[in-house]
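Here's the structure, in structure tokens; my notes come after.
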There are 2 protein chains.
Amino acid sequence: MGSSTENFIQILKNAGVKPSIQRIKIYDFLWNNRTHPTIDSIFQVLVNEIPTLSKTTVYNTMKLFMEHQLVRMVTIDESEVRFDVVTQFHGHFKCEVCGKLMDVEIENPVLVNQAKLDFEVSEAHYYLKGICNECNNN
Amino acid sequence: MGSSTENFIQILKNAGVKPSIQRIKIYDFLWNNRTHPTIDSIFQVLVNEIPTLSKTTVYNTMKLFMEHQLVRMVTIDESEVRFDVVTQFHGHFKCEVCGKLMDVEIENPVLVNQAKLDFEVSEAHYYLKGICNECNNN
DNA sequence: TTACATATTTGTAATTATTATAAATTTGCA
DNA sequence: TGCAAATTTATAATAATTACAAATATGTAA
Ligand SMILES: [Mn+2]
Ligand SMILES: [Mn+2]
Ligand SMILES: [Zn+2]
Ligand SMILES: [Zn+2]
């Protein structure tokens, strides 16, 4: 019950999400583990703290968090949905060797020509694939 | 057996892919239908031309095409993998109302700071979500 | 052309992530 | 405390993808 828990409760409340124990712990985990975890990795870690935790709850909670803009979904490879507690625009890099998914700072890309007139944009995503330095030096 | 078929055969050969009937028809379809189709929509159309076509073949072929850089995978929503015969860098816009997936012209975004030094980049993807003009005017 | 090895396609079964559903539990309030 | 609503849970259903082995097609040597 440290003060950080109070902070997380407040963040959830501000977003219009009722702070259940499961929701607080999941948000806590996302906040402190900026690895863009999957549903399953969230579940595997938190089931230790909440032995009754159900994977369905993790699915439900992530859906709820997305609806309230508390997280963003990152889909780079099919078959691997990840989540990001950082909702401001930023890019990602996925290493095709070790699988790590890292944040990348980029200039916000510029639409050319008429594109910006034809759509009402609500979300922008940018990502790269390749090989990270660690994997390249081995 | 029009001359365009010959062209497709040549494209496949140049990429190192043996041109079977199924592969030619699938590439033909992708070339002439720039809607970023799914596995299933490719199958549903082509099974009319090739009644014995198997969906497994479509999966196998798209995997092969990707390995030979003949197509790119576009994963915007989880649960919907699409394919793009245009392999040069360009952006996409997905309308969250009608589901259409359109090409968007953008400047190739610029990595900031050290990012470009830390990775060997092989692919870049940029996409937007929102509402298209047609859907907004209804 | 025929025979045969290799490559490709096909149909089916297995796997796996996600969603649907309904019962159980928890929560907030009268 | 008692009760209605919200949340969580366990289980079953759904659906996309992959694995696999048999069937078919292709290319080449004799
Ligand atoms: Mn991120
Ligand atoms: Mn495209
Ligand atoms: Zn790596
Ligand atoms: Zn639309």
NA contact type, B:Leu53, heavy-atom cut-off 4.0 Å: base, sugar-phosphate, or nothing? sugar-phosphate
Could you state the interatomic distance from CG (A:Asp28) to CD1 (A:Ile21), rounded to the nearest 0.5 Å? 12.5 Å
Let's see if you can work this out: which of D:dT7, D:dT17, C:dT9 has an atom nearest to the side-chain heavy atoms of B:Ser20? C:dT9
Using salt bridge (charged side-chain N to carboxylate O under 4.0 Å, His left out) as the criterion, list what pairs up with A:Lys18, not counting sequence neighbours. none
Spacing of B:Gln44 atom CD relative to D:dA15 atom P, expressed in whole Å: 14 Å
In whole Å, I'd like the distance from the CD1 atom of B:Ile21 to the P atom of D:dG27. 10 Å
If you pin B:Lys55 and B:Glu78 to their nearest nucleotides in DNA chain C, which one's is more 5'? B:Lys55
Any side-chain to backbone donor/acceptor pair from A:Arg82 onto A:Thr35? Under 3.5 Å, distance only. yes
Checking contacts here: which listed nucleotide (C:dT9, D:dA10, C:dT18) is nearest the side-chain heavy atoms of B:Asn60? C:dT9
Using a heavy-atom cut-off of under 4.0 Å over every strand shown, decide if B:Lys18 touches base, sugar-phosphate, or nothing. sugar-phosphate
Hey, is the main chain of A:Gln69 close enough, under 3.5 Å, to the side chain of A:Arg72 for a donor-acceptor pair? no
Whole-Å distance between C:dT18 P and A:Phe43 CZ? 14 Å
B:Met73 CE to D:dA16 P, in whole Å, measures 16 Å
If you find the nucleotide of DNA chain D closest to B:Thr56 and the one closest to B:Ser79, which residue's nucleotide is nearer the 5' end? B:Ser79
Can you measure A:Asp77 atom CG to C:dA17 atom P for me and round it to whole angstrom units? 14 Å
If I take atom CG in residue B:Leu46 and atom P in nucleotide C:dT9, what distance separates them, rounded to the nearest angstrom? 13 Å
Once you apply a heavy-atom cut-off of 4.0 Å, does B:Thr57 come out as touching a base, just sugar-phosphate, or nothing? base
Winner on side-chain proximity to B:Tyr59, out of C:dT10, C:dT18, D:dT18, is D:dT18
Side chain of B:Ile39 only, heavy atoms from C-beta on: which candidate in D:dT9, D:dT8, D:dT17 is closest? D:dT17
side-chain N/O B:Gln22 vs D:dA25 OP1/OP2, d < 4.0 Å: no
Among C:dT10, D:dT9, C:dT18, find the nucleotide with the atom closest to the side chain of A:Thr52. D:dT9
Take the protein atom CG of B:Leu64 and the nucleotide atom P of D:dT17, then report the distance between them rounded to whole Å. 17 Å
I'd like to know if A:Asp84 and A:Arg34 make a salt bridge, using a cut-off of under 4.0 Å between side-chain N and carboxylate O. no
Spacing of B:Met62 atom CE relative to D:dT18 atom C1', expressed in whole Å: 17 Å
When you look at CD of A:Gln44, are more than 12 heavy atoms from neighbouring residues, nucleotides or ligands closer to it than 6.0 Å? yes
What is the nucleic acid contact for B:Asp40, judged by heavy atoms within less than 4.0 Å: base, sugar-phosphate only, or nothing? nothing
Nearest listed nucleotide, side chain of A:Arg23, among C:dT18, D:dT9, D:dT7: D:dT7
